[in-house]
2 protein chains.
Amino acid sequence: MPGQVQSIARAAAILRLLASSSGRLGIGEIARSLNLPKGTAHGIIRTLQDVGFVEQDKTSGKYQLGATLLHLGTSYLDVNELRSRSINWADPLAARSGEAVRIGTLLDGKVLVVHHVFRPDDILQTLDVGSLLPPHATALGKVLLAYDVGAANAATQREPEPYTRRTLVTARALTRALSEIRDNGWGAEIGEMTPGEAGIAAPIRGYGGLVVGAIGLSGPVDRTCDGSGNPRPALVTYVRDAARAVSRDLGATRW
Amino acid sequence: MPGQVQSIARAAAILRLLASSSGRLGIGEIARSLNLPKGTAHGIIRTLQDVGFVEQDKTSGKYQLGATLLHLGTSYLDVNELRSRSINWADPLAARSGEAVRIGTLLDGKVLVVHHVFRPDDILQTLDVGSLLPPHATALGKVLLAYDVGAANAATQREPEPYTRRTLVTARALTRALSEIRDNGWGAEIGEMTPGEAGIAAPIRGYGGLVVGAIGLSGPVDRTCDGSGNPRPALVTYVRDAARAVSRDLGATRW
DNA sequence: CAACAGTGTTCGGCATTGTCGACCGGGGTT
DNA sequence: AACCCCGGTCGACAATGCCGAACACTGTTG
């Protein structure tokens with residue numbers, strides 16, 4: 001793998017920086033964060049501005065992400081095969097289970113939501129397509145980690161952030177959970193991200209059997225789990241069936 | 001304005017090309033489309049791939065947009081002030097009018113949808129945040145053109161695409177429609193994009209009174225228009241009130 | 001009131017950087 | 001087996017973009 005194009009890599013770093021720090025940044029802050037000379041950073045940002053990837057607030061002079069990126073992002077959704085194949089199966093799953101359905105894939109060790117179907121009964125939900133979820137505290141994330149050794153190692157390396165009392169924070173607990181998921185072929189999360197909320201997810205396989213994503217539902221514990229605190233078997237079956245159906249659509253055989 | 005950074009401008013052109021041609025492209029096609037040597041195009045694409053902006057289909061070797069762009073795009077939504085200020089007013093507008101509400105802004109002479117509230121009664125609608133609408137055949141677009149001379153000129157220059165029999169295709173008709181919108185302070189579209197569908201929109205002004213976006217609703221003609229084929233005055237008032245409210249939130253005075 | 005510490009922006013010289021076109025290896029098709 | 005397309009690689013050359021200092025401006029601070 002020969003070297004990267006320096007300026008493009010730097011431009012991408014600037015965009016990611018702007019995205020992560022959610023807000024406007026001055027050119028000085030950007031240059032300092034990335035150890036770049038101010039002049040260099042300015043040249044890059046100026047071209048990014050010319051192509052519409054960043055915008056400048058005229059009063060404060062600070063920079064933020066540009067509108068073109070929004071369009072590029074949704075264009076990605078149109079092309080994404082995982083999403084397009086999933087849509088047909090996500091709606092029935094939401095209807096049958098009565099819960100919100102999400103489809104995610106791994107991006108930089110986190111879960112990128114590529115599709116989201118609202119819970120049928122409720123309207124007041126915020127769409128979170130495009131947002132990143134923590135891998136260790138969601139059903140989608142744990143399933144994805146279970147079938148991606150690289151990401152799983154990275155996740156167990158650094159201390160996982162605790163969201164609730166039930167969040168898996170130790171490497172041992174997480175590793176065991178992933179192993180269980182591999183044995184069962186599905187995974188769950190009960191109050192590990194938000195108290196009282198639970199999720200069930202199963203892996204989606206693409207051509208060749210490789211896991212390319214995961215589909216799952218989430219909802220209140222008292223609806224998604226039975227009396228003994230385990231995920232309702234009927235819901236698990238629904239999720240696994242949906243995952244299998246999407247996998248078949250993607251060209252995976254015998255799953 | 002000193003020169004642009006060549007490689008970044010080229011990288012952006014590649015991304016836009018991939019977005020517009022909605023599908024996978026080979027490196028040869030890309031190089032030919034942009035008049036670049038194959039080797040150069042390859043270097044740029046390789047780095048774009050390293051940073052996750054494009055992905056490569058392993059079997060065909062072709063390239064498509066990458067997942068990172070989806071995240072960047074939604075990050076843009078989080079920062080976008082027009083959107084965040086609008087959300088509070090879009091929901092009530094949808095509730096009062098009973099129709100779908102959209103908020104858009106001008107991007108490269110087209111209408112970029114930055115927010116979308118579904119029609120309250122119906123669930124089966126596709127979210128089109130991030131998609132580009134034609135400016136000359138939508139209420140949002142015509143309102144935005146009416147207050148942007150540059151984009152209006154560009155729109156009247158080239159032959160507008162006809163969608164229905166009622167689409168404004170001549171420069172004269174479009175210019176007159178824009179003038180009317182400026183006089184009235186709001187605009188409408190009746191069956192110009194889709195037969196039987198109509199839209200009503202009003203401009204949103206930012207700090208200093210500059211038009212930075214538009215808010216509008218759309219729905220079946222028999223619900224949004226009265227017996228004589230004009231937009232229902234009550235709905236027009238709702239839309240204009242919402243536009244004024246958002247403008248006030250954005251810091252525009254006396255509108 | 002002046003000095004200062006910020007900001008974003010410009011400019012020109014140097015050498016690093018990325019461009020370029022030919023070349024390589026593989027899959028299809030003819 | 002010859003051909004033609006594909007994507008990927010390599011190395012020489014010089015155009016390119018990087019860099020640091022200087023600029024203009026604002027608001028704050030001594």
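Per chain, numbering begins at 1; letters A, B, ... match sequence-line order. The figures that follow rest on heavy atoms only: side chains count, while hydrogens, waters and symmetry mates do not.
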Asker: Does a side chain donor of either Ser7(B) or Ser7(A) reach within less than 3.5 Å of an acceptor in the other side chain?
Answerer: yes
Asker: Quote, to the nearest angstrom, the P distance that separates dC14(C) from dC13(D).
Answerer: 22 Å
Asker: Any side-chain N or O of His42(B) below 4.0 angstrom from OP1/OP2 of dG7(D)?
Answerer: no
Asker: Can you check the Ile45(B) CD1 to dG18(C) P distance for me, whole Å?
Answerer: 16 Å
Asker: Show me the pairs that pass side chain to side chain donor-acceptor pair (under 3.5 Å) and involve residues 27-41 of chain A, at least two apart or across chains.
Answerer: Glu29(A)-Lys62(A)
Asker: So, Asp57(B) versus Ser60(B): side-chain donor-acceptor pair below 3.5 Å or not?
Answerer: yes
Asker: If the sugar-phosphate is the primed atoms plus P, OP1 and OP2 and the base is the rest, what is the B/S/- string for nucleotides 11-21 of chain D, using protein heavy atoms under 4.0 Å?
Answerer: -----SSSBB-
Asker: Any chance CH2 of Trp186(B) has more than 12 other-residue heavy atoms, nucleotides or ligands included, within less than 6.0 Å?
Answerer: yes
Asker: To the nearest Å, how far apart are Asp50(B) CG and dG18(C) P?
Answerer: 13 Å
Asker: Does Tyr63(A) place a side-chain N or O at less than 4.0 Å from the phosphate oxygens OP1/OP2 of dT7(C)?
Answerer: no
Asker: Which ring pair (Phe, Tyr, Trp, His ring centres under 6.0 Å) pairs, counting each pair once, include a residue from residues 132-151 of chain A, with sequence neighbours left out?
Answerer: His136(A)-Tyr163(A)
Asker: Verify, without hydrogens or angle tests, whether Ser179(B) (side chain) and Thr175(B) (backbone) share a donor-acceptor contact under 3.5 angstrom.
Answerer: no
Asker: Reckon Gln56(B) touches a base, only the sugar-phosphate, or nothing at all at heavy-atom distances under 4.0 Å?
Answerer: sugar-phosphate
Asker: Take atom CD1 of Ile30(A) and atom C1' of dG6(C), then tell me their distance rounded to the nearest Å.
Answerer: 16 Å
Asker: Over how many whole Å does the gap from Asp57(B) atom CG to dC6(D) atom C1' extend?
Answerer: 14 Å
Asker: Are Asp128(A) and Arg102(A) ion-paired here, with the side-chain N under 4.0 Å from a carboxylate O?
Answerer: yes
Asker: Just the rounded figure in Å: distance from C1' of dC4(D) to CZ of Arg32(B).
Answerer: 13 Å
Asker: Whole Å only: how far is the NZ atom of Lys62(B) from the P atom of dG27(C)?
Answerer: 17 Å
Asker: In whole angstrom, what separates Glu29(B)'s CD from dG8(D)'s P?
Answerer: 13 Å
